**Student:** 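The structure is given below, and queries will be raised subsequently.
As the structure lists them, so they are numbered: ligands from 1, and atoms in each ligand from 1. Predicted model only: the values in this text are computed from it and were never measured.
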Amino acid sequence: MFENSDNEMLTFAFPGLIEDDILALGSKQIPYMRTSKFSKMVNENEEILKELLDVKDGKVITYTSAGTAAMESVVVNYVSNFNKVLVINGGTFGNRWRDLCKYHNINADEFKVVFGKDINYTKLNDIIDKGNYDVLLCQHHETSSGQLYDLDKISTTCKNNNVRLVVDAISSFMTDDFSMKNWDIDMAVVSSQKGLNIPPGLSFVAIAEKALKQGFSSNNYYLDMEENLSNLQRGQTPFSPATVLFYQLHARLLKLKKEGAEKTLNKVKENALYFRQLCKNNNWTLSAESPSSCVTGFYVENSKNVCNQLNKENIYVMPSGSSELLRVSHIGLQNKRELDIVVNKIVEIQNNLRNEKR
Ligand SMILES: *Cc1c(COP(=O)(O)O)cnc(C)c1O
């Protein structure tokens, strides 16, 4: 029963396992994109993304790029217009906001958060109260630890102090509730290989109406927001898009529209809760104080070794650079049986390692 006998690939990473009909789009001939048919699809994608992100009067730019380029786009086109910037930094992706600002010579103060812990919101509020900040950059979900931050609280603090809010929602979009309108978010960043669960290669910047009015600076040719927005008006991109990914995105978005986002959100959550119960049964400590449904981070002995042995069996979980932390994602196709398999495998590998030591 613990055997992954036919060696089916199981992946609990980003993306997760993708549905066959969406994968199949990747094996078709590739239609030319400077056509009204392609434009129509691009416009439809934007409309559905706007609904899902709850940014009805805004815009959503799609870049052919990793998620980090969408973060960089926000930094060079938008954040660079302001003097006082604050970054919430609780791990790898908070670091990335800070590094992007530094790289582009933007002075940014850091609000450090202990890895895996929630934000001390009273302290954050004090700092923002006194700091005269123009803009705050944060993650919704810090994927390196699995910690989900409370955007109700962050947003209230920002509103009370007239601070513009920019959120990296790359690993919370379609895994946890998210609304640009409710949280008064100026810009949000999303990418294709996380909650949307299509291959990596597309990233998105959603821009609220009030941020559109603010205007942008032009510091990067490829990522230029004005240029991308003006092409978007006619359903096009300034440069060659990853056509196939646009079609796979379209298929995913049509499904989400038809089924409703709740269905996916509930499924991700159900898998997360089931897996966390298995962790508890095995006395594995979770890494996050208040976890996102997107991933479960948990500490196990010999995590590197465990990870390598799982890979040999065509099972993929995510290791962590510097600790005994493993992360299992809950996006994509997965069910309780498959979560049982990965847990039982980890237990089996650990038992073998212990016996070898004796
Ligand atoms: C995955 C991720 C990114 C971007 O990753 P890319 O490898 O650049 O696509 C950014 N922020 C968060 C929170 C993420 O989880």
Side-chain angles (χ1 to χ4, degrees), residues 11-16 18 53 61-76 79 87-101 103-104 108 110-111 113 115-119 136-151 154 165-178 180 183 185 187-206 220 222-223 241-242 245 248-249 252 268 272 287-288 290-297 316-321 325-332:
T11 183
F12 304 94
F14 304 122
I18 300 174
L53 288 155
I61 295 173
T62 302
Y63 293 109
T64 292
S65 69
T68 302
M71 296 172 78
E72 186 156 27
S73 168
V74 172
V75 168
V76 297
V79 178
V87 170
I88 294 179
N89 184 356
T92 308
F93 296 104
N95 265 325
R96 194 158 303 171
W97 276 136
R98 184 206 56 199
D99 289 350
L100 281 165
C101 288
Y103 190 91
H104 292 286
E110 244 181 300
F111 182 88
V113 181
F115 187 81
K117 294 290 176 232
D118 204 350
I119 292 167
L136 175 73
L137 306 179
C138 68
Q139 270 65 42
H140 185 199
H141 167 215
E142 174 51 72
T143 326
S144 57
S145 69
Q147 173 65 38
L148 186 75
Y149 298 136
D150 187 338
L151 275 175
I154 296 173
L165 178 56
V166 168
V167 180
D168 168 0
I170 288 181
S171 61
S172 60
F173 178 59
M174 292 317 302
T175 73
D176 298 273
D177 286 327
F178 185 79
M180 287 182 71
W183 291 318
I185 294 169
M187 289 199 189
V189 178
V190 171
S191 77
S192 56
Q193 79 276 26
K194 303 279 169 79
L196 287 167
N197 202 53
I198 61 170
L202 296 181
S203 71
F204 311 90
V205 180
N220 185 295
Y222 183 74
L223 299 172
L245 294 177
Q248 289 175 316
L249 173 69
R252 160 70 68 245
V268 172
S287 57
S290 33
S292 153
S293 294
C294 179
V295 303
T296 301
Y316 300 92
V317 302
M318 296 178 282
S320 159
L325 177 64
L326 290 179
R327 289 169 307 142
V328 159
S329 94
H330 301 296
I331 62 169

**Student:** Is the terminal nitrogen or CZ of Lys194 (NZ for Lys, CZ for Arg) located under 6.0 angstrom from the six-membered ring centre of Phe93 and within 45° of that ring's axis?
**Tutor:** yes

**Student:** May I ask you to list the atoms of ligand 1 that are less than 4.0 angstrom from any heavy atom of Met71?
**Tutor:** 10 (C)

**Student:** Applying ring-ring contact (aromatic ring centres under 6.0 Å, His included), name anything that partners Tyr222, two or more places apart in sequence or on another chain.
**Tutor:** Phe239

**Student:** Using a 4.0 Å cutoff against the non-hydrogen atoms of His141, which atoms of ligand 1 qualify?
**Tutor:** 13 (C)

**Student:** When you measure from atom 11 (N) of ligand 1 to every protein heavy atom, which one gives the shortest distance, and what is it?
**Tutor:** Asp168 OD2, 2.6 Å

**Student:** Can you tell me which portion of Glu142 lies within the under-4.0 Å heavy-atom range of ligand 1? Options are side chain, backbone, both, or neither.
**Tutor:** neither

**Student:** Is any N or O atom of Thr143, backbone or side chain, closer than 3.5 Å to an N or O atom of ligand 1?
**Tutor:** yes

**Student:** Would you please indicate if the ring centroids of Tyr149 and His140 are separated by under 6.0 Å?
**Tutor:** no

**Student:** Work out which heavy atom in Leu196 is nearest to a heavy atom in Leu249; give both atom names and the distance.
**Tutor:** CD1-CD1, 4.0 Å

**Student:** Give me the nearest non-hydrogen protein atom to atom 14 (C) of ligand 1 as residue plus atom name, then the distance to 0.1 Å.
**Tutor:** Lys194 NZ, 3.0 Å

**Student:** Which pair of heavy atoms, one from Asp176 and one from Ser171, lies closest together, and at what distance?
**Tutor:** OD2-O, 4.5 Å

**Student:** Tell me the protein heavy atom at minimum distance from atom 7 (O) of ligand 1, and give that distance in Å.
**Tutor:** Gln193 NE2, 4.1 Å

**Student:** Which heavy atom of Ser73 sits nearest a heavy atom of Tyr63, and at what distance?
**Tutor:** OG-OH, 2.7 Å

**Student:** Heavy-atom contacts with Ala66 under 4.0 Å: which atoms of ligand 1 show up? List them by number with element.
**Tutor:** 6 (P), 8 (O), 9 (O)

**Student:** Are Thr175 and Ser293 close enough that a side-chain donor and a side-chain acceptor fall under 3.5 Å?
**Tutor:** no

**Student:** Does Thr68 approach ligand 1 within less than 4.0 angstrom via side chain, backbone, both or neither, non-hydrogen atoms only?
**Tutor:** both

**Student:** Out of Pro200, Ser144, Gly67, who gets a non-hydrogen atom closest to atom 9 (O) of ligand 1?
**Tutor:** Gly67

**Student:** Checking a contact table here: which protein heavy atom is nearest atom 3 (C) of ligand 1, and how many Å away?
**Tutor:** Phe93 CE2, 3.4 Å

**Student:** Please determine whether side-chain hydrogen bond (donor to acceptor under 3.5 Å, both in side chains) holds for the pair Ser145 and Gln147, giving the CA-CA distance in whole Å, both sets of side-chain angles, and the decisive distance to 0.1 Å.
**Tutor:** CA-CA 6 Å; Ser145 69; Gln147 173 65 38; 5.7 Å; no

**Student:** For Ala242, does its backbone N or O pair with a side-chain atom of Thr64 as donor and acceptor, under 3.5 Å?
**Tutor:** yes

**Student:** Could you list the atoms of ligand 1 found under 4.0 angstrom from a heavy atom of Ser171?
**Tutor:** 13 (C), 15 (O)

**Student:** Under 3.5 Å between some N or O of ligand 1 and some N or O of Ile170?
**Tutor:** no

